[in-house]
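Structure first, then comments.
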Amino acid sequence: MRIATWNVNSVVARLPRLLDWLGRAEPDVLCLQEIKTGEDTFPSDQVGELGYETAVHGTGRWNGVALLSRIGVGDVRRGLVDEPGYSPDGAMFDVTEPRAIGATCGGVRFWSVYVPNGRELGHPHYDYKLDWLKALQSTVAAELTERFVLLGDFNIAPTDEDVWDAGAVHGGTHVSQPERDALARIRELGLTDVVPRAMKYDTPYTYWDYRAGMFPKNMGMRIDLVYASAALSGAVRDAYVDRDARKGTGPSDHAPVVVDLDI
DNA sequence: ATGTCAGACAACGTCTGA
């Protein structure tokens, strides 16, 4: 089974590249983040022509997650257990955002997640990020099965090895200890970080900012992660970052992570 | 020097978020 995760930064803007990539990489299941559109406007027909069923959790302009599967989609669940919401500046109520979707495909339980960015240390969005990670932990604890995988854009670099310069990360998020501790607590439930091999530079980064030539200079981060149960991590045959998908005209700022499993 | 994107709104530029 070939599984993958990719923050596409708008599935509509990325559709030609997504279709091209599906045709070349041929994943059985692809988890998407930042689809930036709703279920009604998701290009289900176009990916359907390539044999993929879809499960979508999106509300429009921001965020949004989905799963594409050519081995079936069942038991779809949108949102986390006790998922916190976020209050934008001046808003009186928290709004729950579409950042997590679970589904069972080919006997494996998948969760595609887009962890809040956090913006900067001390910002309300940072507290939201930590609260959201607690809800993710609760959800994993409730859902964990023998064949389970949590994958997506975590907006956290697990170690300093996963960042070109931990001191240069804007706002200090993505590398702070509370975020890394929250991630460790999720791993401690029984998940393993499937670290992909790099295609270049020996640094399996998955994200490079669009600005300032960060990609050609390889100033990136490994923030798109695959957390697999023991049964699945023991079945990993290969794992890599498809760095080529970040090249050329009109890429996402993230590259896909692909994992091949002997199941 | 946050140097680039994407989407929404009401344009034909400006804002927000990443």
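Because only heavy atoms are used, hydrogens play no part in the values below, and waters and symmetry mates are left out as well, while side chains stay in. Letters A, B, ... are given to chains in the order of the sequence lines, protein chains preceding strands, and every chain is numbered from 1.
Each of V11(A) and Y207(A) lies near DNA chain B, and the nucleotide nearest V11(A) is the one positioned closer to the 5' end. DNA chain B is contacted by both E34(A) and S10(A); S10(A) maps to the nucleotide lying nearer its 5′ end (nearest heavy atom per residue).
If you measure from atom CG of D253(A) to atom P of dA18(B), you get 12 Å, rounded to the nearest angstrom. One atom, OH of Y210(A), and another, P of dG17(B), lie 18 Å apart when rounded to the nearest Å. At whole-Å resolution of the value, CZ in F154(A) and C1' in dA18(B) are 18 Å apart. In this entry the distance linking CZ of F42(A) with C1' of dG7(B) reads 17 Å, nearest Å. Protein atom OH of Y128(A) is 9 Å distant from nucleotide atom P of dA18(B), rounded to whole Å. Rounded to an integer number of Å, the gap from OH of Y86(A) to P of dT16(B) is 13 Å. At whole-Å resolution of the value, NE2 in H254(A) and C1' in dT4(B) are 13 Å apart. Whole-Å rounding puts the K36(A) NZ to dA6(B) P distance at 8 Å.
The backbone N or O of W111(A) sits nowhere less than 3.5 Å from a side-chain atom of R77(A) that would complete a donor-acceptor pair. For E83(A) (side chain) and L80(A) (main-chain N/O), a donor-acceptor pair under 3.5 Å exists by modelled atom type. Side-chain atoms of R246(A) come within 3.5 Å of backbone atoms of W208(A) as a donor-acceptor pair (strictly under, hydrogens ignored). Between the D162(A) side chain and the T159(A) main chain, a donor and an acceptor come within less than 3.5 Å of each other.
Under the 4.5 Å side-chain criterion, counting only non-hydrogen atoms from C-beta, N9(A) is not in contact with H254(A).
Residue K217(A) has its side chain nearest to dG3(B) when only dA6(B), dG7(B), dG3(B) are considered. Of the listed nucleotides (dA18(B), dG3(B), dG7(B)), dG3(B) has the atom at the smallest distance from the side chain of A212(A).
Stretches of at least 3 consecutive Watson-Crick or G-U wobble pairs, with each checked distance under 3.5 Å, appear in DNA chain B as B:4-9 with B:13-18.
Through direct or indirect side-chain contacts shorter than 4.5 Å among Ile, Leu, Val, Met, Phe, Trp and Tyr, L32(A) is connected to W6(A), V8(A), V11(A), V12(A), L15(A), L18(A), L19(A), W21(A), L22(A), L30(A), I35(A), F42(A), V47(A), L50(A), Y52(A), V56(A), L68(A), M199(A), Y240(A), V258(A).
Look at R2(A) and D28(A) and you find no salt bridge, because none of the NZ, NE, NH1 or NH2 atoms lies under 4.0 Å from a carboxylate O.
Residue-environment remark: CG (D202(A)) stays at or below the threshold of 12 foreign heavy atoms within 6.0 Å.
Taking the six-membered ring for Trp, Y114(A) and F154(A) have ring centres at least 6.0 Å apart.
Nucleotides dG7(B) and dC12(B), compared at atom C1', are 16 Å apart to the nearest Å. Annotation: dG3(B) and dA8(B) have their C1' atoms spaced 24 Å apart (nearest Å). If you take atom P in dA10(B) and the same atom in dC5(B), they sit 26 Å apart, rounded to whole Å.
Of the listed residues (R14(A), E34(A), Q33(A)), just one forms a side-chain hydrogen bond (donor to acceptor under 3.5 Å, both in side chains) with N7(A), and that residue is E34(A).
The stretch residues 55-63 of chain A touches DNA chain B through R61(A), W62(A), each having a heavy atom within less than 4.0 Å of the strand.
Using a 4.0 Å heavy-atom criterion, one finds that Y114(A) contacts the sugar-phosphate atoms exclusively.
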